[in-house]
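Here is how names work: the chains are called A, B, and so on, in the same order as the sequence lines, proteins then strands, and each is numbered from 1. Atom set for the values below is all heavy atoms of this structure, side chains included, hydrogens, waters and symmetry mates excluded.
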Number of protein chains: 2
Amino acid sequence: MSKTYSISELASEFDLTTRSIRFYEDQELLHPTRRGQTRVYSSKDRVRLKLTIRGKRLGFSLAEIRELFELWDETRSGSKKQLYLMLSKIGERRAALDQQMKDITMVQLELESAEIRCRQALEELLEKEPQEKQDEEERAGSTDKASAASSATMH
Amino acid sequence: MSKTYSISELASEFDLTTRSIRFYEDQELLHPTRRGQTRVYSSKDRVRLKLTIRGKRLGFSLAEIRELFELWDETRSGSKKQLYLMLSKIGERRAALDQQMKDITMVQLELESAEIRCRQALEELLEKEPQEKQDEEERAGSTDKASAASSATMH
DNA sequence: AAACAAGTTTACGTTAACGTAAAGCTATAG
DNA sequence: CTATAGCTTTACGTTAACGTAAACTTGTTT
């Protein structure tokens with residue numbers, strides 16, 4: 001018997017509400033068993049939850065994610081026609097992801113140039129008005145969440 | 001005077017409904033001028049529309065896209081505080097896109113292995129039942145849209 | 001003049017993905 | 001024993017991003 005999880009374990013691990021997890025079950029993305037009336041999640045369920053979250057971040061709808069899960073499950077038992085259908089579905093998805101890769105690259109470039117423009121505007125401001133009360137180094141690594149996020153890409 | 005566009009020109013070029021385009025204006029993503037009561041779109045509007053579509057494909061909400069547009073516009077005139085805010089917002093976005101890149105890579109890998117599994121299952125089926133009525137080559141390049149999409153990733 | 005095309009505003013309807021109570025079961029701690 | 005914590009179902013509410021329909025203006029073609 002491999003490991004199992006409660007709904008709140010999964011919720012806190014992936015930072016979801018239990019409501020969402022139950023909703024995903026309702027949409028047939030997860031299939032927990034029951035002990036009494038309580039849901040028991042397998043490690044397969046956990047993997048699916050992780051994949052679901054990834055899919056969502058990529059803009060997939062829950063229905064699309066479910067479709068992919070079903071395709072995967074039926075790969076073993078599919079008929080010839082089924083298998084051809086799966087291949088084409090998979091191809092569609094892969095093509096869409098290729099497109100997304102390109103999109104991301106484009107937007108990254110634009111954000112990069114926006115950042116550069118921003119830094120230049122800042123430099124100009126700081127040249128005209130160089131009086132600083134605080135330690136100037138503190139600008140580079142400040143304390144709030146926002147700069148923490150931005151620091152992920154600064155270098 | 002650079003080129004202008006009508007709403008239906010843009011709609012057909014980007015395969016949107018005019019409803020959507022007007023909605024985007026309502027959300028302040030576009031700012032067409034008017035000739036009489038009719039909307040006239042500049043090439044800047046056209047660029048923004050293209051960016052909007054890209055953003056949507058990446059799962060950005062219209063509000064987020066609008067925010068990015070505003071940041072870009074205010075880069076020239078921003079105060080110091082504004083500029084720091086922009087930099088952190090841009091950083092957030094770039095980090096999110098980095099994450100998406102990773103997500104895509106993971107999902108691509110999974111789709112790839114699903115495709116392989118699929119092809120193997122097919123081979124096994126075709127070995128057991130090798131009687132074909134049609135030309136066997138036709139399987140490789142069939143006619144429907146789905147396989148056209150999949151062919152985009154087949155090498 | 002009549003009708004057609006392309007545009008407009010106004011406003012109600014729809015779907016996805018949950019949020020948010022409300023009300024009830026069940027085991028364990030005090 | 002009760003009360004607290006964690007789970008459950010049921011069900012109505014909410015937001016985003018449009019769809020869809022109705023009723024109107026404006027210009028152009030027949």
Rounded to whole Å, please give me the gap between CG in A/D26 and C1' in C/dC18. 11 Å

Separation of C/dA11 atom P from B/F23 atom CZ, nearest Å, is 16 Å

So if I take residues 6-16 of chain A and measure heavy-atom distances to DNA chain D, which residues fall below 4.0 Å? A/S6, A/I7, A/S8

Thinking salt bridges, do A/E70 and A/K89 make one under a 4.0 Å N-O criterion? no

I'd like to know whether CZ of A/R34 has more than 12 heavy-atom contacts from other residues, nucleotides or ligands below 6.0 angstrom. yes

Check for a donor-acceptor pair, side chain of A/S43 on one end and backbone N or O of A/R46 on the other, with a separation under 3.5 Å. no

With respect to the phosphate group of C/dG19, does any side-chain polar atom (N or O) of A/S20 fall under 4.0 Å of OP1 or OP2? yes

Please work out if B/R35 contacts a base, only the sugar-phosphate, or nothing of the nucleic acid, heavy-atom cut-off 4.0 Å. nothing

Do you know the tightest heavy-atom contact between A/S42 and A/Y5? O-CD1, 4.0 Å

Determine, for A/R119 against A/E115, whether the closest basic-nitrogen to carboxylate-oxygen distance falls under 4.0 angstrom. yes

I want to check one thing: is the phosphate of C/dG19, taken as OP1 and OP2, less than 4.0 Å away from some side-chain N or O of A/T17? yes

Checking A/Q100 side chain against A/L58 main chain: does a donor-acceptor pair fall under 3.5 Å? yes

Provide, to the nearest angstrom, the distance between the CD atom belonging to B/E25 and the C1' atom belonging to C/dT9. 12 Å

With sequence neighbours excluded, what pairs up with A/D73 under the salt bridge (Lys or Arg N to Asp or Glu O under 4.0 Å) test? A/R48

Does a side-chain N or O from A/R22 land closer than 4.0 Å to OP1 or OP2 of D/dT8, or not? yes

When clusters are formed by joining ILVMFWY residues with side-chain heavy atoms under 4.5 Å apart, either directly or through shared neighbours, do A/L87 and B/L109 land in the same one? no

Rounded distance in Å - CD (A/E28) to C1' (C/dA17): 16 Å

Does A/A11 offer a backbone N or O that forms a donor-acceptor pair with the side chain of A/S8 under 3.5 Å? no

Report, one pair per line, the protein and nucleotides 20-22 of chain C atoms (nitrogen or oxygen only) whose separation is under 3.5 Å.
residue: C/dT20; atom: O4; partner: A/R19; partner atom: NE; Å: 3.0

Joint hydrophobic cluster, B/M106 plus A/L29, side-chain heavy atoms closer than 4.5 Å: no

Contact list (N/O, under 3.5 angstrom) for nucleotides 23-29 of chain C vs protein:
none

Go through the structure and list residues passing salt bridge (Lys or Arg N to Asp or Glu O under 4.0 Å) with A/R22, not counting sequence neighbours. none

Rounded off to whole Å, could you give me the CD1-to-P distance for the A/I21 and D/dG6 pair? 15 Å

Across the strands shown, which category fits A/T18 at heavy-atom distances under 4.0 angstrom: base, sugar-phosphate, nothing? nothing

Go through the steps to decide whether B/R93 and B/E67 satisfy the test salt bridge (Lys or Arg N to Asp or Glu O under 4.0 Å), and finish with yes or no. CA-CA 11 Å; B/R93 290 284 141 235; B/E67 208 188 314; 5.4 Å; no

Sorted by number, residues from residues 43-73 of chain B placing a heavy atom under 4.0 Å from DNA chain D are B/K56, B/S61, B/L62

Considering all heavy atoms, the nearest B/F60-B/E64 contact: CA-OE1, 3.3 Å

Has the side chain of B/D103 got a donor or acceptor atom that lies under 3.5 Å from a matching backbone atom of A/G55? no

Measure the distance from OH on B/Y24 to P on D/dA16 and round it to the nearest whole Å. 14 Å

